[in-house]
Amino acid sequence: MSLDPDTPLRFSPLHRLQWEEAQQRYVILYPEGLVELNATSAEILKRCDGKHTLKTIVEELERKYETEGLTDDIREFLEIALENGWIQTAD
Amino acid sequence: MKTAGSKPPISPPRWLLAELTYACPLQCPYCSNPVDFARHKEELATEDWKRVLSEAREMGAVQLGFSGGEPLTRPDLEALVAHARRLGYYSNLITSGYGLSAERIAALKAAGLDHIQVSIQAPERDLSDWLAGTESFAHKKQVARWVKEQGYPMVLCVVIHRHNIEQMEGILEMAVELGADYLELANTQYYGWARLNRAQLMPTRAQFERAEAVARRYKERLKGKMKIYYVVPDYYEDRPKACMNGWGTTFLTVAPDGAALPCHAARELPIGEFPNVREMSVREIWEESEIFNRFRGFDWMPEPCRSCDEKTKDYGGCRCQAYLLTGDMTAADPVCAKSPHRRLVDQAIAEAEAPPEVPLVFRNPKASRRFFET
């Protein structure tokens, strides 16, 4: 399965993405669990708002970090996020 | 050699279990509450709980369980949920579902509750009602449906023991039927009432292996649809569990009367008075109380744990299990094959093959009073 670059993505209504002041990082919260996120992963997930797609997330983050060639890394992370149920395809 | 003044670093609590009450309309014979729970009558007031939630959150606690007893018996539950939401907790209601209405589920959602964990005793009515000591099966299933309908993650919990382990397939089918997002298959851990009833609850090795194979098959089949947590029955392991991720590292339980415990079973340890949130702040309890520091790090360990290269993985196992089986709370958890007391676990396993004919003791205040009234 390969993620379509134009499919809108949204964060799962059954999970919560939250900034943790005590840990100085974003975490994903769900029943009985907590995933600690690094800064880039959090930037990707914050954009899963039902409008952004793989393509637009890549464009924005390449601009933000003034770099290129992020597609493969971001695709890989989004596929993991989909598999874990953190995000869903919004169509 | 012990370095003077050397202390293990203290990590902040991440999980807070708020046991709001010991009152419960159910009487499950495997309840993890202490057998003498009826001794502790003075429940914390709403304002005490709010302060505890605020203080623990400030230290970094983020996962919050409202438990008991049956937390629904507290009329201030909605107010506490709302306070928890304002503080940024991810809050979980751990409930039997008894007496829960669709309206209250909606009110709790509006207050900011994140999920509800409904426990069902067995996949059929007579057995479930018998185990609960209360007619409750049909309503529990209705509650599970309402929870799902109202957009909560649906977490179903079934405690596994010899009276329902043969129905593993039925349990999984029930979870599918109810649309569970998470299923917790919690093999009984032998503390509290479960320890008291162990001979009547412990499955045989063959039963456990058959049930595990069924659970594994469904886990594969339901991948991506339902997350199945399988709590292993540690008597059938040969290494102990890393209990509570290590004493005083991650988990804080506050009992109904305000006693602060490093785990919900710890009240059975011969420790005397646990620090109480009525008298100390959560930070003082967590960082400074003798009891929370007692089993931190590795200096407290006797052999065989002390020189064991696995001590950083399992922290010597569970202090409560060590105490309940050997009478010594500093001993290696007897589940460990390296423990000189492993035969105590093997005896329990042998006993499961031919359990003595004694009745289950159901968990209720009357039965509890026998443990402290003479």
Side-chain angles (χ1 to χ4, degrees), chain A residues 1-5 7-51 53-54 74-91, chain B residues 11-17 55-65 67 84-85 87-94 109 112-118 147-148 150-157 179-186 222-231 245 250-251 283 286:
Chain A
M1 171 200 82
S2 186
L3 178 62
D4 178 79
T7 302
L9 300 165
R10 67 162 179 227
F11 196 76
S12 155
L14 300 184
H15 294 69
R16 196 203 294 170
L17 179 66
Q18 176 168 300
W19 171 255
E20 276 299 284
E21 192 59 33
Q23 300 183 50
Q24 289 294 304
R25 67 170 124 225
Y26 277 92
V27 297
I28 299 172
L29 297 162
Y30 57 95
E32 318 288 324
L34 179 157
V35 179
E36 298 173 347
L37 296 169
N38 62 27
T40 343
S41 307
E43 287 303 322
I44 297 170
L45 291 178
K46 269 156 63 183
R47 286 170 172 75
C48 295
D49 54 3
K51 295 187 192 96
T53 64
L54 166 63
I74 293 179
R75 179 198 300 276
E76 197 185 325
F77 177 74
L78 285 172
E79 283 172 356
I80 291 169
L82 272 169
E83 202 176 307
N84 281 303
W86 303 336
I87 59 167
Q88 303 167 342
T89 51
D91 48 2
Chain B
S11 55
R14 289 277 179 260
W15 295 64
L16 172 62
L17 185 68
E55 289 175 358
R57 177 71 184 135
E58 200 177 299
M59 290 182 74
V62 60
Q63 282 277 0
L64 170 64
S67 172
R85 184 68 193 88
L87 294 169
Y89 277 107
Y90 188 78
S91 57
N92 172 19
L93 176 65
I94 300 162
K109 178 110 183 157
L113 185 66
D114 289 288
H115 69 110
I116 299 182
Q117 178 186 308
V118 183
V147 165
K148 178 82 180 170
Q150 296 198 20
Y152 287 99
M154 219 290 266
V155 187
L156 183 66
C157 175
D181 297 295
Y182 297 82
L183 173 63
E184 193 169 317
L185 296 168
L222 297 170
K223 217 173 168 182
K225 291 193 199 108
M226 186 193 300
K227 228 183 224 175
I228 300 177
Y229 295 121
Y230 190 80
V231 180
N245 195 39
T250 314
F251 291 91
R283 186 178 293 278
W286 187 261

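Since the model is a prediction, treat every value here as computed from it, not as a measurement. Below, chains carry the letters A, B, ... as their sequence lines are ordered, and counting in each starts from 1.
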For chain B, which residues from residues 33-50 of chain A have at least one heavy atom closer than 4.5 Å to it? A/Gly33, A/Leu34
Top contributor to chain A interface from B/Pro12, B/Gly224, B/Pro153 [non-hydrogen pairs under 4.5 Å]: B/Pro153
Is B/Lys227 close to chain A through its backbone or its side chain, or both, or neither, when contacts mean heavy atoms under 4.5 Å? side chain
Single hit among A/Val27, A/Leu29, A/Ile28 for side chain to side chain contact (heavy atoms under 4.5 Å, CB included) with B/Tyr90: A/Leu29
So which atom in B/Tyr182 and which in A/His15 form the shortest heavy-atom distance, rounded to 0.1 Å? OH-NE2, 3.8 Å
Pairwise side-chain contact, B/Asp181 with A/Leu14, heavy-atom cut-off 4.5 Å (strictly under): yes
Which atoms of B/Tyr152 come close to chain A, meaning under 4.5 Å heavy atom to heavy atom: side chain ones, backbone ones, both, or neither? backbone
Engaged part of A/Glu32 at the chain B interface, taking heavy atoms whose separation is under 4.5 Å: both
B/Glu58, CD: over 12 other non-hydrogen atoms inside 6.0 angstrom: no
Taking B/Gln63 for its side chain and A/Pro31 for its backbone only, find out whether a donor-acceptor pair lies under 3.5 Å. no
Atom CD in A/Glu21, atom CZ in B/Arg57: separation rounded to 0.5 Å? 9.5 Å
